[in-house]
J.: 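Please read through the structure below; I'll follow up with questions.
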Amino acid sequence: NVEPRSVAVFPWHSLVPFLAPSQPD
Amino acid sequence: SPAAPPPALPPYFTKGSIIQLADGELKKVEELRTEDFIQSAEISSDLKIDSSTVERIEDGPRPGIALIQFAVGEHRAQVSVEVRVEYPFFVFGQGWSSCCPDRTSQLFDLPCSKLSVGDVCISLTLRELK
């Protein structure tokens, strides 16, 4: 018997850093 | 003030991790291509891809930490980030790259190149809502 295994799925944007500069007030 | 612990290593850079693109397609992290990110951002209503050029790489305040300075977007805004040396960035047309590719390969089993000054990395910003 093979037990079902849940596989994590990650959204593509998790892998990309947000490098937005801070906005001046 | 005491030094903050280094940021935790995310699980999704491990070879074989399943990544879902914006159109629903599933790919392994090591199979991602530049086009996958560009097309996913095009579909996305709130995310925009920026080109972030590596301008400087320095040792960080603690061992194993690097300080990377980027010029982000068309205005080349200066942004510095503190990351573990094994943290991979996706370089346009090249793929995963880190300050210490040997360590990235060791920890994640992820094929990785050396991140260098002049490399253009994929980064994200939020689209301005009209």
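The sequence lines fix the lettering, A, B, ..., with proteins before strands; numbering per chain opens at 1.
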J.: If the test is side chain to side chain contact (heavy atoms under 4.5 Å, CB included), which one of B:V81, B:L126, B:V72 qualifies with A:F18?
T.: B:L126
J.: Do B:V85 and B:L115 sit in the same hydrophobic cluster, where Ile, Leu, Val, Met, Phe, Trp and Tyr count as joined when their side-chain heavy atoms come under 4.5 Å apart?
T.: no
J.: Could you state whether A:F10 and A:V7 fall into the same hydrophobic cluster, counting links through intermediate Ile, Leu, Val, Met, Phe, Trp or Tyr residues with side-chain heavy atoms under 4.5 angstrom apart?
T.: no
J.: Check for me, please, whether B:L9 and B:F89 land in the same ILVMFWY cluster - side-chain distances under 4.5 Å, paths through other members count.
T.: yes
J.: Sort B:I19 into side chain, backbone, both or neither according to what part of it lies under 4.5 angstrom from a heavy atom of chain A.
T.: both
J.: Taking every non-hydrogen pair under 4.5 Å, which of B:C121, B:S40, B:A77 racks up the most with chain A?
T.: B:S40
J.: Tell me, side chain or backbone of A:V9 under 4.5 Å from chain B's heavy atoms, or both, or neither?
T.: both
J.: Taking atom CG of B:D59 as the centre, report whether more than 12 heavy atoms of other residues, nucleotides or ligands fall under 6.0 Å from it.
T.: no
J.: When you look at B:F37 and A:V16, which way does the side chain to side chain contact (heavy atoms under 4.5 Å, CB included) test go after all the steps?
T.: CA-CA 9 Å; B:F37 291 103; A:V16 189; 3.5 Å; yes
J.: Please answer: with hydrophobic residues joined when any side-chain heavy atoms are less than 4.5 Å apart, are B:I57 and B:L67 in the same cluster?
T.: no
J.: Looking only at non-hydrogen atoms, find the nearest pair between A:W12 and B:A22 and report the distance.
T.: CD1-N, 3.6 Å
J.: Do the side chains of B:I38 and B:L124 join up, straight or via other hydrophobic residues, at under 4.5 Å, putting them in one cluster?
T.: yes
J.: As a quick check of understanding, evaluate side chain to side chain contact (heavy atoms under 4.5 Å, CB included) for B:Y12 and A:L15, giving each step before the final call.
T.: CA-CA 7 Å; B:Y12 33 76; A:L15 287 76; 4.0 Å; yes
J.: Looking at every non-hydrogen atom in both residues, tell me the closest pair between B:I122 and A:P17 and how far apart they are.
T.: O-CD, 3.8 Å
J.: Restricting to non-hydrogen atoms, name the atom on B:S52 and the atom on A:L19 that form the minimum distance, rounded to 0.1 Å.
T.: OG-CD1, 3.6 Å
